[in-house]
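To find a chain, count down the sequence lines: A is the first, B the second, and so on, and within it residues start at 1. In what follows, every heavy atom counts, from backbone to side chain, and hydrogens, waters and symmetry copies are set aside.
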Protein chains: 2
Amino acid sequence: MKIEIEARQLDAPGNPTKLNICRIPVRAGPNGLPVGRVKEPFGLAASTLSHHIGRLVGTGLVTKNRQGSTFIPRANYRPMIALLGYLQDECCADETCFLNEEIPAA
Amino acid sequence: MKIEIEARQLDAPGNPTKLNICRIPVRAGPNGLPVGRVKEPFGLAASTLSHHIGRLVGTGLVTKNRQGSTFIPRANYRPMIALLGYLQDECCADETCFLNEEIPAA
DNA sequence: ACGTTATTTCGATGAAAATCGAAATAGAAG
DNA sequence: CTTCTATTTCGATTTTCATCGAAATAACGT
């Protein structure tokens, strides 16, 4: 069920903690940033962080690669873009939505 | 706190039921669609639907106007677009994100 | 092999969300 | 002004989530 997936992907950043965690791999870029490096700023237990990253990976929006002893989460751009596209399509289901005139810079 | 708001807005469609409900005003367009008209397809109690719509309004993504004895939820496009813009900015924090090359049609 | 570091898995707990049914409210229509 | 319809509010229940600490796992350096 497609809507199941989309809903889960939208839920992934659905609270401040989760949104912050989602931003880590996105902002880190292709080099990535070890998971543990971002633990302290948020004051989360390692297990909590791991839990969130695991769910994030479960949505498909993020992948995780082992690099030696650390894990590097990376943004999975294709599904992210797909999700954005879906949201835009939904949003513009109504032809009077001004997005159909003023296209915001990407 | 900006991130609080964004997280709440992302959570609003954060499960299949909520996503379906979010889509109602968006797809109905400016004429809107009475809340109760969409209750049956989802098999939700009226009170549950009301609860979800109330939260949706709380995020700012949707407004609700009384029209006679029924309520019409309507998409609030400005904040929706703002949210999309935010997501795109986040997503493209990394200059290698291909969105910075292939700009998808809006 | 051994200890170190990074992370996950497990089990528990408190907090929040989703859901319902019943009763309340607010217009509309007689 | 009573009844009907649409929706909300309330209170209770079940389910799901966020979080932690402790123990397990996995690669690394020695």
**Request:** By nearest nucleotide on DNA chain D, pick out whichever of B:Thr70 and A:Ala45 is the more 5' one.
**Result:** B:Thr70

**Asked** Rounded to the nearest Å, what distance is computed from the CG atom of residue A:Leu49 to the P atom of nucleotide C:dT8?
**Response** 8 Å

**Prompt:** Once each nucleotide of nucleotides 23-30 of chain D is scored for protein heavy atoms under 4.0 Å, what B/S/- sequence comes out, 5' to 3'?
**Reply:** ---SSS--

**Prompt:** Around atom CZ of B:Arg74, are there more than 12 heavy atoms of other residues, nucleotides or ligands at under 6.0 Å?
**Reply:** yes

**Request:** Would you indicate whether the side-chain heavy atoms of A:Ile72 and A:Pro34 approach each other to under 4.5 Å?
**Result:** yes

**Prompt:** Roughly how far, to the nearest 0.5 Å, is the OG atom of B:Ser47 from the NE2 atom of B:His52?
**Reply:** 9.5 Å

**Asked** Hey, does B:Leu44 have a side-chain heavy atom less than 4.5 Å from the side chain of B:Ile21?
**Response** yes

**Item:** Distance, rounded to the nearest Å, where A:Ile21 contributes CD1 and C:dT7 contributes P
**Value:** 13 Å

**Request:** Output the distance between atom CZ (B:Arg8) and atom CD1 (B:Ile3), rounded to the nearest 0.5 Å.
**Result:** 14.0 Å

**Item:** Phosphate contact (C:dA18 OP1 or OP2) by B:Thr48 side-chain N/O below 4.0 Å
**Value:** no

**Step-by-step side-chain contact (heavy atoms from CB on, under 4.5 Å) determination, A:Ile24 to A:Ile53** = CA-CA 10 Å; A:Ile24 295 166; A:Ile53 302 243; 5.6 Å; no

**Item:** Closest non-hydrogen atom pair, B:Ala7 against A:Pro16
**Value:** CB-N, 3.5 Å

**Message:** Same cluster or not: A:Ile5 versus A:Tyr86, using hydrophobic residues (I, L, V, M, F, W, Y) connected whenever any side-chain heavy atoms lie under 4.5 Å apart?
**Reply:** no

**Item:** Those residues that, when tested against A:Asp11, pass side-chain hydrogen bond (donor to acceptor under 3.5 Å, both in side chains) (two or more places apart)
**Value:** A:Lys18

**Fill in**
From CG of B:Leu44 across to C1' of C:dG21 the rounded distance in Å is 14 Å

**Closest non-hydrogen atom pair between A:Ala75 and A:Pro25, with its separation** = N-CB, 3.7 Å

**Message:** Reading DNA chain C from 5' onward, which residue's closest nucleotide shows up sooner: B:Lys18 or A:Phe71?
**Reply:** A:Phe71

**Asked** Of all heavy-atom pairs between A:Pro13 and A:Cys22, which one has the smallest distance, and what is that distance?
**Response** CB-SG, 3.7 Å

Could you list all N or O pairs between the protein and nucleotides 10-15 of chain C that sit under 3.5 Å apart?
none

**Request:** Would you mind reading off the distance between A:Asn65 atom CG and C:dA6 atom C1', rounded to a whole angstrom?
**Result:** 16 Å

**Considering all heavy atoms, the nearest A:Thr59-A:Gln9 contact** = O-NE2, 3.0 Å

**DNA chain D contacts made by residues 50-64 of chain B, counting heavy atoms under 4.0 Å** = B:Ser50, B:Lys64

**Rounded (10°) bend between the five-pair end axes of the helix from C:dA1-D:dT30 to C:dG30-D:dC1** = 30°

**Item:** Rounded interatomic separation in angstrom, taking CG from B:Asn20 and C1' from C:dA18
**Value:** 15 Å

**Positions of residues 8-17 of chain A (non-hydrogen atom under 4.0 Å from DNA chain D), listed by number** = A:Asn15, A:Thr17

**Request:** Enter the distance from A:Leu49:CG to A:Phe42:CZ here, rounded to the nearest 0.5 Å.
**Result:** 8.5 Å

**Prompt:** Considering all heavy atoms of both residues, which atom of A:Gly60 and which atom of A:Asn76 are nearest to each other, and what is their separation?
**Reply:** O-ND2, 2.9 Å

**Asked** Taking all atoms of both residues into account, what is the closest heavy-atom pair of B:Leu61 and B:Met80, and its distance?
**Response** O-CE, 3.4 Å

**Item:** Gap separating the CG atom of B:Leu56 from the NE2 atom of B:His51, nearest 0.5 angstrom
**Value:** 11.0 Å

